[in-house]
Number of protein chains: 2
Amino acid sequence: MIRNLTEHDKEHLQEALVKSGQKVTPQREAVFTVLLAERDHPTVDEVFNRAREVMPGLSLATVYNCLETFVGCGLVRQVNHERESTRYCPNLAPHAHFRDKETGQVHDIELPPEVMKSLRSILPPGFDSEVIEISFLGRAQAKDTHSN
Amino acid sequence: MIRNLTEHDKEHLQEALVKSGQKVTPQREAVFTVLLAERDHPTVDEVFNRAREVMPGLSLATVYNCLETFVGCGLVRQVNHERESTRYCPNLAPHAHFRDKETGQVHDIELPPEVMKSLRSILPPGFDSEVIEISFLGRAQAKDTHSN
DNA sequence: AACACAGTTAGAATGAGTCTAATCCGCAAG
DNA sequence: CTTGCGGATTAGACTCATTCTAACTGTGTT
Ligand SMILES: [Mn+2]
Ligand SMILES: [Mn+2]
Ligand SMILES: [Zn+2]
Ligand SMILES: [Zn+2]
């Protein structure tokens, strides 16, 4: 269920950490592995529980620390919906989030560059934005969790 | 500073409340007045402190209750940025929010219908969204708070 | 060996928001 | 009038995601 990191992902992790002056540790590898294994936007507690299966001594504080570190080096994004627990997303492509009101599931919605551009264009002169967050709330038709 | 409600706004409040089977009370009028007086997306505490100036006995619990009621009848919108305290906005036109990273101020950004449409169009078939939230984070050039 | 230092850890503290149970108040029936 | 009802208000207790603190670990350096 929680496969190990591919060489490629391992390098990605190491590069981002080292580039910002931080170390690769077993805990960070475990947490990153969890994030890549199931891209369902888990909460901190969900990450914690999944990671503990493979590293039983891991503490909740460390999961908070790792996730904060990852956000800091741009390895993952935080996802907030209203005031619910923060979720984490390793998808680095520009995308919006769709939250299913009934199931609570969060889905990635690809953001074409033209839409990004039209969004930026609504900012009046003088407004300069680094981050744009777009989130939908609604109902998504049930679909196979893995369609393969 | 905290002018009374215009007749028009009073009717707006009454209509929305009565339509959803709730009563106009002095507390609700006071809280609504505060929201309309300064459209700066105040937090609950800010609303509380402003409203107490005109109604000293008002309780924080009631401010929470009033704001929840208003959201329920569509009189105001909740505005969340990351995990900061929830803010409240009486602007009913479709708009996005821009948060200034330095000042913390929140500005309304008008959302043209064509942009709304292009946003809706990125949803894959099967996804049906009632609410879209768009928030920008960045820096806005200082401007007179009241330019009149 | 002693030190430096980042990372990890358990548990305490924080604080926005929610819940509870008592009281208030406007209104309608007796 | 008096009483009863139901929604609204209130103070304070409570929740719980997140942050903070201080001790400890592990690794590399002098
Ligand atoms: Mn779904
Ligand atoms: Mn500003
Ligand atoms: Zn995502
Ligand atoms: Zn607004």
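First the proteins, then the strands, lettered A, B, ... as listed; each starts at 1.
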Integer-rounded Å distance: dT19(D) P and F48(A) CZ:
16 Å
When you look at CD of E84(A), are more than 12 heavy atoms from neighbouring residues, nucleotides or ligands closer to it than 6.0 Å?
yes
Any donor-acceptor N or O pair under 3.5 Å, side chains R99(B), S135(B):
no
Once the angle between the rings of H41(B) and H95(B) is folded into 0 to 90°, is it parallel (under 30°), tilted (30 to 60°) or perpendicular (over 60°)?
tilted
Between D108(B) and C89(B), does the side-chain contact (heavy atoms from CB on, under 4.5 Å) criterion hold? Intermediate values first, please.
CA-CA 9 Å; D108(B) 282 349; C89(B) 170; 4.2 Å; yes
Quick one, which residues of residues 58-86 of chain B touch DNA chain C with a heavy atom under 4.0 Å?
Y64(B), S85(B), T86(B)
Only residue of V31(B), V34(B), V63(B) satisfying side chain to side chain contact (heavy atoms under 4.5 Å, CB included) with R50(B) is V34(B)
How long is the straight-line distance from CZ of R120(A) back to CE of M116(A), given to the nearest 0.5 Å?
4.5 Å
Could you pull out the protein-nucleic contacts involving nucleotides 22-26 of chain D (nitrogen or oxygen on both sides, under 3.5 Å)?
none

Taking CD from Q22(B) and C1' from dG6(D), how many angstroms apart are they, rounded to a whole number?
13 Å
Distance-only donor-acceptor check, side chains N80(B) and H81(A), under 3.5 Å:
no
N49(B) CG - dA16(C) C1' separation (whole Å):
15 Å
Protein-nucleotide distance (R28(B), atom CZ; dC25(C), atom C1'), rounded to Å:
13 Å
With under 30° as parallel and over 60° as perpendicular, where do the rings of H12(B) and F32(B) fit, or are they tilted in between?
tilted
